[in-house]
Amino acid sequence: MSNKVRVRFAPSPTGGLHLGGVRTVLYNYLFARHNDGDFVLRIEDTDQNRYVAGAEQYIYDCLEWCGLTPDESPLKGGPYGPYRQSERRELYRKYAEQLVGDGYAYYAFDTPEDLEQMRTNLRTDANPNPQYDGKTRMDMRNSLTLPEAEVRELLDKGAPYVIRIKMPAGETISFTDMIRGEISNESDLVDDKVLLKADGMPTYHLAVVVDDYLMKITHAFRGEEWLPSAPVHILLWRYLGWEDNMPQWAHLPLILKPDGHGKLSKRDGQRLGFPVFAMQWKDPASGEVLDGFKEHGFLPEAFVNILAMLGWNNGTEQELFSLAELVEEFSMDRVHKGGAKFDFDKAKWFNQQYILQKSEEELLPLVRPFILQHDVYPDDEYLKKVISLIKERCHLLTDFWAQGHFFFAAPDNIDIESVKGKWNEQKQQFFSSWAQQLGSITQWTAPMLEDNFNQLATDAGLKKGELMLPLRIMLVGGKYGPGVFDIAEMIGKEDVGKRIERALAQL
RNA sequence: GCCGCGUUGGUCAAGGGGUUAAGACGCCUCCCUUUCACGGAGGAAUCACGGGUUCGAUUCCCGUACGUGGUACCA
């Protein structure tokens, strides 16, 4: 029937959702939307040893936060379910058996110990990683080496076995990658990958092919770490007789750590002080909590934009894209081949751009949770005013507290050293008397306050410039923040007085 | 070791036989601002290396180096 574009994101629910994972989701999503196709979420939970409670729900939460919700998923259902591989278990065996029947795969009865034995026996400096392949398979215990009767018997009495693909000899297997062009591998160099494990579950290799076929996936995008096993998948499509339906492949470049080399890992984030996961992840087993972009104060639109630009651009100078614009502009052939180092400074800049774009009204509900964290409960009007005064100095939502805490409470400690140097009795007198006559100021507004302040300074024979920094330190605690009289207006007569008195006591 | 993939400033990157090799982040200087930030104006900084092909290579080809991924009954 139709050749509607269908793509899928197929994570294995084992922990936090990494930057690179979200970017794979994003490129899938953009490609699907751009082509009026379907975006499927499939859960690859075939490794029962790696089951982690809550990890699947966490993936939904992350996708929802990013605004990249799938059209079909275990949660939502769809015409090609089930979407959880553990629930498709029986399907895979049939195809594995079919491959054995057609001579493309075989039963292998070697125990893990046998395999280890083979590897240690064969390991040399020239060949540090011996494989189960065309060179070694005839020395192992499998349906190719054992007499048929014995194989039958082992199977009948329920001996544990796996099914392995029988890689052909002397073939060049090639395919066209949407990003990288022609890619080819020699079949002799690829090992006889396990297709069906002893516990009856498929490995990724079998499952990805069977499910992509059954789910009518037209384009398959995944990380470049899959490139070396692509020939196995190509062969499986061929051996199963589905080659005409094989999706087009695109192997996405890696996201690398900012310093040194290598794939960005969660440890790098901890080490360098930035998140690596989309949302906070609490490991149920270890109790370890890993920070996410959300909790770090990123806006989802910014996060998505950052990821989109990490490996893709539309050839113009534009860097800020809404999701709708990305959908419009996205194409796989403009994705980079090389990996990109993640730059947290640039990420913060993106987020700042989105904060700047938003109105106080829009920012209000986004900022509030980050203020609440500090046990402060301002009313809407007050918070909005604060937001408007400080938003241009905030890169992250968490900065609203860092840049605005003094609007809600007196600073814990003040940078008294910056004032001390040029401090004198005259200034002490000035602030003391200003604090005392605050009560007589009838109109408590920034301009009136400033006038009053200026007047008194002139009367005392002091330059305003010498007094501004001390006043700021007294009210704010440091050398930052919006106009000092705006701050004074906001925090009110009483607090201004108190803060001045308190600072004076320290000088 | 072997195999795959990659390589334009510190980072993200445009470009692709002839260009002053864009732009952004970051950094520095200056302006604005009696703070910080925003904004504005400048600045430093780049085609990994060696061979070809060519009148001419950053661009095409081949090597080398380096990086990275894989080499599991993990995905």
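Note that the coordinates shown come from a computational prediction; the quantities given were computed from them, not determined experimentally. Convention: sequence-line order gives letters A, B, ...; per-chain numbering from 1. Hydrogens, waters and symmetry mates play no part in the numbers below; they use all other heavy atoms, side chains included.
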Would you indicate what A:Lys263 reaches in the nucleic acid, counting non-hydrogen atoms under 4.0 angstrom: base, sugar-phosphate, or nothing?
sugar-phosphate
Answer with base, sugar-phosphate or nothing: what part of the nucleic acid does A:Thr46 contact at a heavy-atom distance below 4.0 Å?
sugar-phosphate
So if I take every side-chain heavy atom of A:Arg393 and compare against B:A14, B:U68, B:U35, which nucleotide ends up nearest?
B:U35
Ring centre gap for A:Phe400 and A:Phe370 strictly below 6.0 Å
no
For A:Trp312 together with A:Phe321, are the ring centres under 6.0 Å from each other?
yes
Under the ring-ring contact (aromatic ring centres under 6.0 Å, His included) test, residues paired with A:Phe407 that sit two or more places apart
none
Sequence neighbours left out, cut at 3.5 Å: what donor-acceptor pairs do the side chains of residues 473-491 of chain A make with other protein atoms?
| from | atom 1 | to | atom 2 | distance (Å) |
| --- | --- | --- | --- | --- |
| A:Tyr480 | OH | A:His405 | NE2 | 2.7 |
| A:Glu489 | OE1 | A:Ala446 | N | 2.8 |

Close approaches to RNA chain B from residues 411-421 of chain A, in residue order (heavy atom, under 4.0 Å):
none
Close approaches to RNA chain B from residues 115-137 of chain A, in residue order (heavy atom, under 4.0 Å)
A:Leu115, A:Arg119, A:Asp125, A:Ala126, A:Pro128, A:Asn129, A:Gln131
On RNA chain B, compare the nucleotides closest to A:Glu466 and A:Asp345; which residue's is nearer the 5' end?
A:Asp345
Within this structure, what is the CD1-to-P distance between A:Ile473 and B:U34, rounded to whole angstrom?
17 Å
Nearest-Å distance, CH2 (A:Trp349) to C1' (B:G23)?
10 Å
Protein-to-nucleotide contact annotation, 5' to 3' order, nucleotides 3-12 of chain B [B base; S sugar-phosphate only; - none; under 4.0 Å, heavy atom]:
SBSS----BS
Per-residue pairing states of RNA chain B in dot-bracket (Watson-Crick or G-U under 3.5 Å; . unpaired, | other strand) read (((((((..(((.....[....))).(((((.......)))))....(((((..]....))))))))))))....
Heavy atoms of other groups near A:Lys391 NZ, more than 12 under 6.0 Å
yes
